[in-house]
Each structure stands twice: as C-alpha cells, then as structure tokens.
Amino acid sequence: MKEIRSGIGIGIFERNLTEMNVLGIESSCDETAAAVVMDGRRILSSVVASQIAVHHLYGGVVPELASRKHIEAISPVVEQALTQAKMGIHDIDGIAVTQGPGLVGCLLVGFCFAKAFAFARGLPWVGVDHLAAHLHSVLLTDHPPRFPFVALLASGGHTGLYYLEALDTYTLLGQTRDDAAGEAYDKVAKMLGLGYPGGAVIDRLAGQGDAQAISFTRPYLDKMQFDFSFSGLKTAVYRHIRKDPQSAAQRPADIAAGFQEAVVDVLVHKLLHAATVKQCPRVALVGGVAANRRLRERLSAEAAATDLQVYIAPMDLCGDNAAMVAGLGFHHLKARRTTALDADVYSRSKSNPGLK
Ligand code: KG4
Ligand code: ZN
C-alpha cells in the first residue's frame, strides 16, 4: 500500500476511494448531527439531535449552553449514526466535519471529536465549509441538478445566491447585508410570542392567515441586483404590532402570512432573476428556510411557468444535518484534500465556500 502524506501526521492509504464510508459530523449551531454516507451519494444514516428544547426557553440560541449540549450529545449521536448504518468504527474510511462558519464553541466540539477520531483510527479527515455543505445537499438526491445551476441558500445564519459551475467552482452572486431570511423569521416569531425557532411555526400559522390583509413593503433593494436585506421588513412588522397590539394579538396569522409573502416574493424573484442573468436553466433551493412550504410551492409554480428546472433539497436535508457534510467531504477526500491536525475552526463565512 502506498501512503500519501497530507497535512501533519495523517496518512491516507490507497484504497478503493469510490467505496468510501465517510462519517460526517456537524455541530455549528444548535444541532448535533452525525451521518454515514457511502460513495458520497448513499446516505446510510443521518442522526440529528436538536437542542430546541434548551434554547426555546431563552428565545434564541445561547452559545455557551449550545456548546455544553454538543459535548453531551456528540458521542451518543455518532454511535447512533454508526448503529443505524449497521457499522462499527472499523468500517469508516474517512471523516468530514464542519469547520465553519458557526459558533466557535459549538464548532470546536465536533471539530475536536473528528480530529481525535481520525487520529486514533489513522483515518483521513477533512474540515468542510457549512455553506458549501448546504449547497451540496441538493446533490444528494436521486435526481440531482447538472452543473451549472443557480442556488439560493437561505438559512438562519446566511442568505445568499450562488452560481455553481462545478463541485469546486462557485461564485457568490449576492448575499444579505443584514439579517438572514431565517433570522428574520425567528425574530418575527419572537415578536408574535411564538417562541424559537420561528420559521416552521410562522410557516404553519401563515397557512391560516390572509396574506393580502397586511401588505408589507418588499425589501428588494435593487430589483436587478442579488443582495438581500430583511432587517427593514422585520422592523416594519415590529412597528405594525406596536401600532395596534390588540389586533395583532387577535390576528397573528395575518401578520405571519403578510410577512411570509413579502420574504417569499423577494427570494423567488431574486433566484429567478439570477437564473435569467446567468442564462441558466436550473435553479436550486437549500438551507433551513428551504423547508418553507410557501417558498417551495411558489418557486415550483413560477418556474413551471417558464422552462426552468427546479431542484429543492429534501426536507430532511434542509436544516442542519451531517449527511451533507459527509457527502461533500467525500469529494475532498477523493481529491486527497485533508485537514491538518493543528487546523482551527472559523466563525465567519468565506466569500467562496467551494472546495478550493
Ligand atoms: O440551515 P439551518 O438549520 O441552520 C443554519 O445554518 O442557520 O436553518 C435554520 C433556520 C432557522 O432560522 C429556522 O427558523 C428556519 O431555518 N426555518 C424555516 C422553516 N424551517 C426552519 N424558515 C421558514 N419556514 C420553515 N418551514
Ligand atoms: Zn445550516
């Protein structure tokens, strides 16, 4: 066997890399997740331990508590992922872990666990970018989009539009200048007393409301550009509630529906406009907010009216998960890209979260 050295100390032994079982680990925010993915495509297991119950009490993620919960959860979650995949640690050929962006204390738990696992077992390991992993989620389906495609990544921490030409070639077309779409959902939910996280709750509540009852101004910024801004919309909802708290309390569903329609209008418009500008026939939707029913429905309907093909991440791959981390990590490892043992996590997003 030929040993190729990469980074410090970890040798990758030549093996049949197309039959590689990659253990993925994700701990960037408030979900501890582990998954086993074979060949970078077949999800053998995907376990997500959510901390919602802990943070719900505080109306948002408390970083210190989140880190502690990750420490408690990481071993059982990895064990469960191995058990569900019907595997032992000896069956794992490589490890992929989220390196950033995210909460540093949280990232460190998964990152150090992965390092220790890889070092103890002499396995190749790689730190992957959380946003690149979200973008990769739509490729883990039975009918993935062909390159190139335009993708909207909308989550709690990020909202951006990307042009993906190949696995390792991404261009960031635009991103939010302030709040991410999911963050706006969470903050509006808090204003309405709906608790944390707010996206799924507003999604449900909006279904019972009249989206035309309150028309919030759409925050397009420049309709021809790809940047987003959701902070003004959030403030508009706040002002609306303050102006007439009684009717807001009586009809929260109308506020939820009006707010949601404004967000969806902007997201769908910018995604379709980006596809037109890039003359690209394929669009994709990923990230926690991609789970939104109205957004999925509107994007599919509007794209159907054109010749665009729409690819939306499956529900279980929209929110944070480790299958997307393992799926992307496989391609790094296949290309012999590994991470050094003295590498650190990073908190802020990179302008290009691709493989390079
Ligand atoms: O991707 P994700 O799990 O974590 C980050 O990387 O941020 O996204 C979480 C975000 C939260 O803000 C949550 O409120 C939002 O996704 N979200 C939704 C829905 N489900 C989750 N937003 C709108 N509609 C939903 N159904
Ligand atoms: Zn995420």
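Order of appearance sets the numbers: ligands from 1, and atoms from 1 within every ligand. Computed from a predicted model, the values in this text were never measured in an experiment. Throughout, residue positions are numbered sequentially from 1 according to the sequence presented.
- Between Cys29 and ligand 1 there is no heavy-atom distance shorter than 4.0 Å.
- Under a 3.5 Å cut-off, the side chain of Asp93 and the backbone N or O of Asn21 do form a donor-acceptor pair.
- Residue-ligand proximity, Gly157 to ligand 1, at heavy-atom distances under 4.0 Å covers atoms 7 (O).
- In summary, His130 places an N/O/S atom under 2.8 Å from the Zn ion (ligand 2), meeting the contact criterion.
- Remark: minimum distance from atom 26 (N) of ligand 1 to any protein heavy atom is reached at Asp203 OD2, 2.9 Å.
- Under 4.0 Å from ligand 1, the heavy atoms of Asp186 that appear belong solely to its side chain.
- For ligand 1, the atoms lying closer than 4.0 Å to a non-hydrogen atom of Gly182 are 12 (O).
- Here is the list of ligand 1 atoms found below 4.0 Å of a heavy atom in Ala291: 26 (N).
- With rounding to the nearest 0.5 angstrom, the CG atom of Leu317 is 4.5 Å from the CD1 atom of Ile43.
- Put simply, the side chain of His56 never gets that close to the backbone of Gly195: no donor and acceptor are under 3.5 Å apart.
- In terms of hydrophobic clustering, with Ile, Leu, Val, Met, Phe, Trp and Tyr side chains grouped at heavy-atom distances under 4.5 Å, Tyr220 and Phe228 are assigned to a common cluster.
- Although no hydrogens or angles enter the test, the distance criterion places no donor-acceptor pair under 3.5 Å between the side chain of Asp179 and the main chain of Ala184.
- Open room surrounds CZ on Arg251; 12 or fewer heavy atoms of other groups in view lie less than 6.0 Å from it.
- A distance of 7.0 Å separates CG in Leu153 from OG1 in Thr159, rounded to the nearest 0.5 Å.
- A salt bridge links Glu261 with Arg298; the closest basic N to acidic carboxylate O contact falls under 4.0 Å.
- Only the side chain of His134 comes within contact range of ligand 1, with a heavy atom under 4.0 Å; no backbone atom does.
- Scanning the protein for heavy atoms near atom 10 (C) of ligand 1, the closest one is Gly156 N, 3.4 Å.
- Numbered from 1 in the order shown, with element, the atoms of ligand 1 that lie under 4.0 Å from a heavy atom of His130 read 6 (O).
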Determine, step by step, whether Lys187 and Phe230 satisfy the side chain to side chain contact (heavy atoms under 4.5 Å, CB included) criterion, reporting the C-alpha distance in whole Å, the side-chain angles of both residues, the deciding distance to 0.1 Å, and the verdict. CA-CA 11 Å; Lys187 287 177 178 168; Phe230 293 106; over 6 Å; no

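- Neither the backbone nor the side chain of His158 has a heavy atom within less than 4.0 Å of ligand 1.
- For atom 3 (O) of ligand 1, the closest non-hydrogen atom of the protein is Asp320 N, 3.0 Å.
- Angle subtended at the Zn ion (ligand 2) by His134 NE2 and Asp320 OD1: 100°, rounded to 10 degrees.
- Nearest protein heavy-atom neighbour of atom 22 (N) of ligand 1: Gly199 CA, 3.3 Å.
- In Asn292, the parts holding a heavy atom less than 4.0 Å from any atom of ligand 1 are both the side chain and the backbone.
- Counting only heavy atoms from C-beta outward, the side chains of Ile241 and Leu192 approach each other to under 4.5 Å.
- A donor-acceptor pair under 3.5 Å is formed between the side chain of Glu26 and the backbone N or O of Ser28.
- The nearest heavy-atom contact from the protein to atom 17 (N) of ligand 1 is Gly288 O, 3.6 Å.
- Counting atoms of ligand 1 from 1 in the listed order, those under 4.0 Å from a heavy atom of Gly319 are 3 (O).
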